[in-house]
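Scroll down for the structure; my scribbles are underneath it.
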Amino acid sequence: MLIPVSQPLDLAATLLSGQAFRWRESDGWFDGVLFDNIVRLRHDTDGIEFTCAPDDERAIQPLLVDYLRLDVDLDAVYASIATDPRIEAAIARFRGMRILRQDPWECLIGFICSSNSNIPRITKNVESICTTFGRPIEANGSSRSAFPTPVELAGAGESRLRRLGLGYRAGFVASTAQTIVDGALDLATLREDSYEDALDALIALDGVGDKVANCVLLFSLDKPEAFPVDTHVEQRLNEWYLDGTKLSLPKMRHWAQERFGPFAGYANQYLFHDRRLRLKVSTTDDRSGS
DNA sequence: AGCCAGGCCCTCC
DNA sequence: GGAGGGCCTGGC
(Lines give C-alpha, C1' and ligand atoms only; values in the text may rest on other atoms or scores of the structure.)
Protein backbone atom coordinates (compact mmCIF):
# COMPACT_ATOMS: atom_id res chain seq x y z
CA MET A 1 0.00 0.00 0.00
CA LEU A 2 1.18 3.51 -0.78
CA ILE A 3 1.07 6.56 1.47
CA PRO A 4 1.41 9.75 -0.56
CA VAL A 5 3.99 12.10 0.95
CA SER A 6 4.45 15.76 0.12
CA GLN A 7 6.54 16.51 3.21
CA PRO A 8 10.33 16.30 3.43
CA LEU A 9 11.14 12.75 4.53
CA ASP A 10 14.36 10.93 5.36
CA LEU A 11 13.26 7.53 6.60
CA ALA A 12 16.74 6.32 7.53
CA ALA A 13 17.48 9.38 9.64
CA THR A 14 14.01 9.24 11.18
CA LEU A 15 13.94 5.57 12.10
CA LEU A 16 17.63 4.91 12.84
CA SER A 17 18.60 8.04 14.78
CA GLY A 18 18.05 6.69 18.27
CA GLN A 19 14.44 7.79 18.73
CA ALA A 20 13.11 4.25 18.43
CA PHE A 21 15.03 1.05 18.89
CA ARG A 22 13.18 -1.60 16.91
CA TRP A 23 13.83 -0.62 13.28
CA ARG A 24 16.20 -2.55 11.00
CA GLU A 25 17.25 -1.56 7.52
CA SER A 26 17.99 -3.97 4.70
CA ASP A 27 17.83 -3.51 0.94
CA GLY A 28 16.19 -0.12 1.29
CA TRP A 29 13.39 -1.53 3.45
CA PHE A 30 12.87 -0.67 7.09
CA ASP A 31 11.45 -3.45 9.26
CA GLY A 32 9.81 -2.74 12.58
CA VAL A 33 7.01 -3.68 14.95
CA LEU A 34 4.09 -1.30 15.42
CA PHE A 35 0.52 -1.78 16.64
CA ASP A 36 1.16 -5.52 17.08
CA ASN A 37 2.12 -5.78 13.43
CA ILE A 38 5.33 -6.50 11.59
CA VAL A 39 5.67 -3.41 9.42
CA ARG A 40 7.92 -2.87 6.41
CA LEU A 41 8.50 0.58 4.90
CA ARG A 42 10.26 1.91 1.84
CA HIS A 43 10.53 5.47 0.55
CA ASP A 44 10.01 5.78 -3.18
CA THR A 45 9.32 8.68 -5.49
CA ASP A 46 5.56 8.60 -4.94
CA GLY A 47 5.63 8.29 -1.17
CA ILE A 48 5.95 5.53 1.38
CA GLU A 49 5.36 1.98 0.26
CA PHE A 50 4.46 -0.28 3.15
CA THR A 51 3.25 -3.71 4.09
CA CYS A 52 2.06 -5.03 7.42
CA ALA A 53 0.87 -8.28 8.96
CA PRO A 54 -1.26 -9.73 10.37
CA ASP A 55 -3.66 -6.78 10.15
CA ASP A 56 -5.14 -5.18 7.06
CA GLU A 57 -3.04 -2.38 5.59
CA ARG A 58 -6.05 -0.10 5.42
CA ALA A 59 -6.36 -0.33 9.21
CA ILE A 60 -2.68 0.37 9.86
CA GLN A 61 -2.21 3.16 7.32
CA PRO A 62 -3.69 6.01 9.42
CA LEU A 63 -1.79 4.80 12.48
CA LEU A 64 1.43 4.91 10.51
CA VAL A 65 0.71 8.44 9.29
CA ASP A 66 0.24 9.42 12.92
CA TYR A 67 3.41 7.60 14.04
CA LEU A 68 5.50 9.40 11.43
CA ARG A 69 3.75 12.72 12.09
CA LEU A 70 3.34 13.33 8.40
CA ASP A 71 0.95 16.15 9.26
CA VAL A 72 3.77 18.23 10.74
CA ASP A 73 4.96 21.00 8.41
CA LEU A 74 8.70 20.42 8.69
CA ASP A 75 9.68 23.51 6.72
CA ALA A 76 7.80 25.64 9.21
CA VAL A 77 9.68 23.87 12.01
CA TYR A 78 12.98 24.53 10.26
CA ALA A 79 12.13 28.19 9.89
CA SER A 80 11.48 28.30 13.62
CA ILE A 81 14.70 26.64 14.80
CA ALA A 82 17.23 27.72 12.15
CA THR A 83 18.83 30.44 14.25
CA ASP A 84 22.37 30.21 12.91
CA PRO A 85 24.45 28.74 10.06
CA ARG A 86 25.65 25.73 12.02
CA ILE A 87 22.27 24.32 12.84
CA GLU A 88 21.18 25.20 9.32
CA ALA A 89 23.97 22.94 8.05
CA ALA A 90 22.81 20.11 10.32
CA ILE A 91 19.27 20.57 9.07
CA ALA A 92 20.42 20.54 5.46
CA ARG A 93 22.39 17.36 6.05
CA PHE A 94 19.39 15.46 7.43
CA ARG A 95 16.54 17.33 5.84
CA GLY A 96 13.44 15.19 6.23
CA MET A 97 14.39 13.65 9.59
CA ARG A 98 11.13 13.69 11.53
CA ILE A 99 10.28 13.37 15.21
CA LEU A 100 8.16 10.27 15.75
CA ARG A 101 4.97 9.97 17.77
CA GLN A 102 5.63 6.73 19.60
CA ASP A 103 3.74 4.73 22.17
CA PRO A 104 4.63 6.39 25.51
CA TRP A 105 5.03 3.12 27.40
CA GLU A 106 7.46 1.57 24.95
CA CYS A 107 9.31 4.87 24.64
CA LEU A 108 9.63 5.20 28.40
CA ILE A 109 11.10 1.75 28.94
CA GLY A 110 13.42 2.11 25.96
CA PHE A 111 14.92 5.28 27.35
CA ILE A 112 15.20 3.93 30.88
CA CYS A 113 17.33 1.24 29.25
CA SER A 114 19.39 3.91 27.47
CA SER A 115 21.04 5.46 30.49
CA ASN A 116 24.82 5.30 30.34
CA SER A 117 24.55 2.82 27.47
CA ASN A 118 24.91 2.97 23.71
CA ILE A 119 22.48 2.56 20.84
CA PRO A 120 23.64 -0.90 19.65
CA ARG A 121 23.35 -2.22 23.17
CA ILE A 122 20.01 -0.50 23.84
CA THR A 123 18.69 -2.01 20.62
CA LYS A 124 19.78 -5.45 21.73
CA ASN A 125 18.32 -5.00 25.22
CA VAL A 126 14.95 -3.83 23.91
CA GLU A 127 14.76 -6.68 21.43
CA SER A 128 15.57 -9.17 24.20
CA ILE A 129 12.81 -7.68 26.35
CA CYS A 130 10.35 -8.17 23.50
CA THR A 131 11.30 -11.70 22.54
CA THR A 132 11.35 -12.81 26.17
CA PHE A 133 8.23 -11.11 27.53
CA GLY A 134 6.23 -9.85 24.54
CA ARG A 135 3.62 -11.62 22.48
CA PRO A 136 5.10 -13.32 19.39
CA ILE A 137 3.98 -12.09 15.98
CA GLU A 138 4.34 -14.50 13.10
CA ALA A 139 3.77 -13.23 9.58
CA ASN A 140 4.90 -14.30 6.13
CA GLY A 141 7.71 -16.43 7.45
CA SER A 142 9.22 -13.66 9.56
CA SER A 143 8.89 -13.52 13.33
CA ARG A 144 9.10 -10.62 15.76
CA SER A 145 7.47 -9.92 19.12
CA ALA A 146 5.29 -7.11 20.35
CA PHE A 147 6.62 -4.83 23.04
CA PRO A 148 5.42 -6.32 26.35
CA THR A 149 2.53 -4.70 28.16
CA PRO A 150 3.07 -3.15 31.61
CA VAL A 151 1.56 -6.26 33.21
CA GLU A 152 3.85 -8.55 31.23
CA LEU A 153 6.92 -6.53 32.12
CA ALA A 154 6.02 -6.05 35.77
CA GLY A 155 5.72 -9.83 35.96
CA ALA A 156 9.23 -10.27 34.62
CA GLY A 157 11.00 -9.18 37.78
CA GLU A 158 14.39 -7.58 38.19
CA SER A 159 16.51 -10.72 38.15
CA ARG A 160 15.13 -12.03 34.88
CA LEU A 161 15.62 -8.59 33.34
CA ARG A 162 19.18 -8.55 34.58
CA ARG A 163 19.81 -11.82 32.81
CA LEU A 164 18.94 -10.06 29.56
CA GLY A 165 21.94 -7.81 30.04
CA LEU A 166 20.17 -4.69 31.27
CA GLY A 167 22.60 -4.28 34.14
CA TYR A 168 21.51 -1.96 36.95
CA ARG A 169 18.71 -0.62 34.70
CA ALA A 170 16.80 -3.87 35.34
CA GLY A 171 15.68 -2.61 38.74
CA PHE A 172 14.49 0.68 37.25
CA VAL A 173 12.48 -1.10 34.55
CA ALA A 174 10.87 -3.46 37.06
CA SER A 175 10.02 -0.66 39.44
CA THR A 176 8.59 1.65 36.78
CA ALA A 177 6.55 -1.18 35.24
CA GLN A 178 5.05 -1.91 38.64
CA THR A 179 4.24 1.78 39.16
CA ILE A 180 2.34 1.83 35.87
CA VAL A 181 0.50 -1.40 36.66
CA ASP A 182 -0.51 0.01 40.03
CA GLY A 183 -2.12 2.93 38.24
CA ALA A 184 -0.05 5.52 40.08
CA LEU A 185 0.59 7.23 36.73
CA ASP A 186 -1.48 7.17 33.55
CA LEU A 187 0.94 7.80 30.71
CA ALA A 188 -1.79 8.49 28.16
CA THR A 189 -3.08 11.50 30.08
CA LEU A 190 0.33 13.15 29.98
CA ARG A 191 -0.30 14.16 26.38
CA GLU A 192 -2.94 16.58 27.63
CA ASP A 193 -0.79 17.96 30.43
CA SER A 194 1.56 20.90 30.21
CA TYR A 195 5.22 20.26 29.51
CA GLU A 196 6.19 21.09 33.07
CA ASP A 197 3.51 18.94 34.69
CA ALA A 198 4.29 15.96 32.48
CA LEU A 199 8.00 16.41 33.16
CA ASP A 200 7.45 16.35 36.92
CA ALA A 201 5.28 13.25 36.68
CA LEU A 202 7.85 11.35 34.64
CA ILE A 203 10.81 12.30 36.82
CA ALA A 204 9.01 10.78 39.80
CA LEU A 205 9.48 7.37 38.14
CA ASP A 206 12.40 5.17 39.12
CA GLY A 207 15.26 5.48 36.63
CA VAL A 208 13.85 8.61 35.00
CA GLY A 209 15.78 11.85 35.27
CA ASP A 210 15.65 15.06 33.29
CA LYS A 211 17.22 13.59 30.17
CA VAL A 212 15.11 10.43 29.92
CA ALA A 213 11.94 12.35 30.73
CA ASN A 214 12.61 14.85 27.97
CA CYS A 215 13.15 11.99 25.49
CA VAL A 216 9.77 10.52 26.38
CA LEU A 217 8.11 13.94 26.19
CA LEU A 218 9.63 14.66 22.80
CA PHE A 219 9.27 11.26 21.13
CA SER A 220 5.89 10.19 22.44
CA LEU A 221 3.99 12.87 24.36
CA ASP A 222 3.52 15.73 21.90
CA LYS A 223 5.97 18.09 23.58
CA PRO A 224 8.14 19.46 20.75
CA GLU A 225 9.74 21.95 23.14
CA ALA A 226 11.31 19.09 25.12
CA PHE A 227 15.09 19.13 24.92
CA PRO A 228 16.99 16.08 26.21
CA VAL A 229 20.58 17.00 27.01
CA ASP A 230 22.67 13.88 26.54
CA THR A 231 26.43 13.68 26.26
CA HIS A 232 26.47 14.45 22.50
CA VAL A 233 24.13 17.42 22.73
CA GLU A 234 26.03 18.70 25.75
CA GLN A 235 29.25 18.64 23.73
CA ARG A 236 27.59 20.34 20.78
CA LEU A 237 26.15 23.12 22.89
CA ASN A 238 29.54 23.67 24.49
CA GLU A 239 31.37 23.59 21.16
CA TRP A 240 28.99 25.80 19.23
CA TYR A 241 27.06 28.04 21.57
CA LEU A 242 28.18 28.39 25.15
CA ASP A 243 31.70 29.71 24.55
CA GLY A 244 33.26 28.38 27.71
CA THR A 245 30.31 29.14 29.97
CA LYS A 246 29.80 26.19 32.30
CA LEU A 247 26.14 25.34 32.84
CA SER A 248 24.52 22.50 34.75
CA LEU A 249 22.52 20.17 32.53
CA PRO A 250 19.06 21.50 33.52
CA LYS A 251 20.28 25.06 32.93
CA MET A 252 21.73 24.00 29.62
CA ARG A 253 18.35 22.56 28.66
CA HIS A 254 16.58 25.73 29.64
CA TRP A 255 19.07 27.85 27.72
CA ALA A 256 18.49 25.76 24.58
CA GLN A 257 14.72 25.88 24.96
CA GLU A 258 14.88 29.66 25.16
CA ARG A 259 17.11 29.88 22.12
CA PHE A 260 15.38 27.41 19.81
CA GLY A 261 11.83 28.03 20.95
CA PRO A 262 8.67 25.90 20.82
CA PHE A 263 10.28 23.33 18.49
CA ALA A 264 13.56 23.10 20.37
CA GLY A 265 13.27 19.32 20.38
CA TYR A 266 13.74 19.26 16.62
CA ALA A 267 16.90 21.31 16.97
CA ASN A 268 18.00 18.81 19.60
CA GLN A 269 17.55 15.83 17.29
CA TYR A 270 19.50 17.46 14.47
CA LEU A 271 22.33 18.46 16.81
CA PHE A 272 22.40 14.96 18.28
CA HIS A 273 22.31 13.06 15.02
CA ASP A 274 24.80 15.34 13.31
CA ARG A 275 27.37 14.93 16.04
CA ARG A 276 26.83 11.23 16.51
CA LEU A 277 27.28 10.51 12.80
CA ARG A 278 30.24 12.83 12.51
CA LEU A 279 31.99 10.85 15.21
CA LYS A 280 31.20 7.55 13.56
CA VAL A 281 32.53 8.75 10.20
CA SER A 282 35.73 10.15 11.68
CA THR A 283 36.55 6.95 13.58
CA THR A 284 35.99 4.97 10.38
CA ASP A 285 38.36 7.31 8.57
CA ASP A 286 40.96 6.90 11.29
CA ARG A 287 40.91 3.14 10.95
CA SER A 288 41.14 3.07 7.19
CA GLY A 289 43.88 5.65 7.20
CA SER A 290 46.14 3.92 9.74
C1' DA B 1 43.10 -2.84 27.41
C1' DG B 2 40.67 0.91 28.35
C1' DC B 3 37.45 4.39 27.37
C1' DC B 4 32.98 5.61 26.47
C1' DA B 5 28.11 5.00 25.96
C1' DG B 6 21.47 9.30 24.21
C1' DG B 7 22.34 9.03 33.01
C1' DC B 8 20.38 8.16 37.41
C1' DC B 9 20.69 7.85 42.30
C1' DC B 10 22.68 8.70 46.59
C1' DT B 11 25.63 11.15 49.67
C1' DC B 12 27.65 15.01 51.50
C1' DC B 13 28.20 19.75 51.82
C1' DG C 1 20.85 22.85 45.35
C1' DG C 2 24.87 21.54 43.53
C1' DA C 3 29.06 18.77 42.97
C1' DG C 4 31.08 14.11 43.04
C1' DG C 5 31.31 9.19 42.88
C1' DG C 6 29.39 4.54 41.95
C1' DC C 7 27.18 1.67 38.86
C1' DC C 8 26.20 -3.33 35.08
C1' DT C 9 27.65 -4.28 30.77
C1' DG C 10 29.20 -4.25 26.10
C1' DG C 11 30.79 -1.83 21.85
C1' DC C 12 34.58 -0.21 19.57
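For clarity, every value in this text was computed on a predicted model and none was experimentally measured. What's counted below: heavy atoms across the whole structure, side chains too, no hydrogens, waters or symmetry copies. The sequence lines fix the lettering, A, B, ..., with proteins before strands; numbering per chain opens at 1.
If you take CZ of A:R169 and P of B:dG6, they are 11 Å apart, rounded to a whole angstrom. Per the geometry, CD belonging to A:E158 stands 11 Å off C1' belonging to C:dC8, to the nearest Å. In this structure, the CG atom of A:N125 is 9 Å from the P atom of C:dG10, given to the nearest Å. Rounded to a whole Å, the CG atom of A:L237 is 17 Å from the P atom of B:dG6. Rounded to whole Å, the distance from CZ on A:R162 to P on C:dC7 is 11 Å. Remark: P of C:dC7 and CG of A:N118 are 20 Å apart, rounded to the nearest angstrom. Taking atom NE2 of A:H273 as the reference point, atom C1' of B:dG6 lies 13 Å away to the nearest angstrom.
Using a 4.0 Å heavy-atom criterion, one finds that A:F21 contacts no nucleic acid atom at all. Within the 4.0 angstrom heavy-atom criterion, no nucleotide atom of any strand lies near A:Q235.
Here, C:dC8 and B:dT11 have their P atoms 15 Å apart, quoted to the whole Å.
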Query raised in the report: Under a cut-off of 3.5 Å for both distances of each Watson-Crick or G-U pair, what dot-bracket string does DNA chain B give, using [ ] for crossing pairs and | for inter-strand pairs?
Result: .||||.|||||||
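Mapping A:S117 and A:P120 onto DNA chain C by nearest heavy atom places A:S117 at the nucleotide closer to the 5' end.
Taking the six-membered ring wherever Trp is involved, the centroid distance between the rings of A:F111 and A:F219 falls below 6.0 Å.
Below the 3.5 angstrom threshold, one finds a donor paired with an acceptor across the side chain of A:R121 and the base of C:dC8.
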Requested in this report: Give the B/S/- string for nucleotides 8-13 of chain B, one per nucleotide from 5' to 3', where a protein heavy atom under 4.0 Å of the base yields B, of only the sugar-phosphate yields S, and otherwise -.
Outcome: SS----
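A sub-4.0 Å separation between OP1 or OP2 of C:dA3 and a side-chain N or O of A:K246 is absent.
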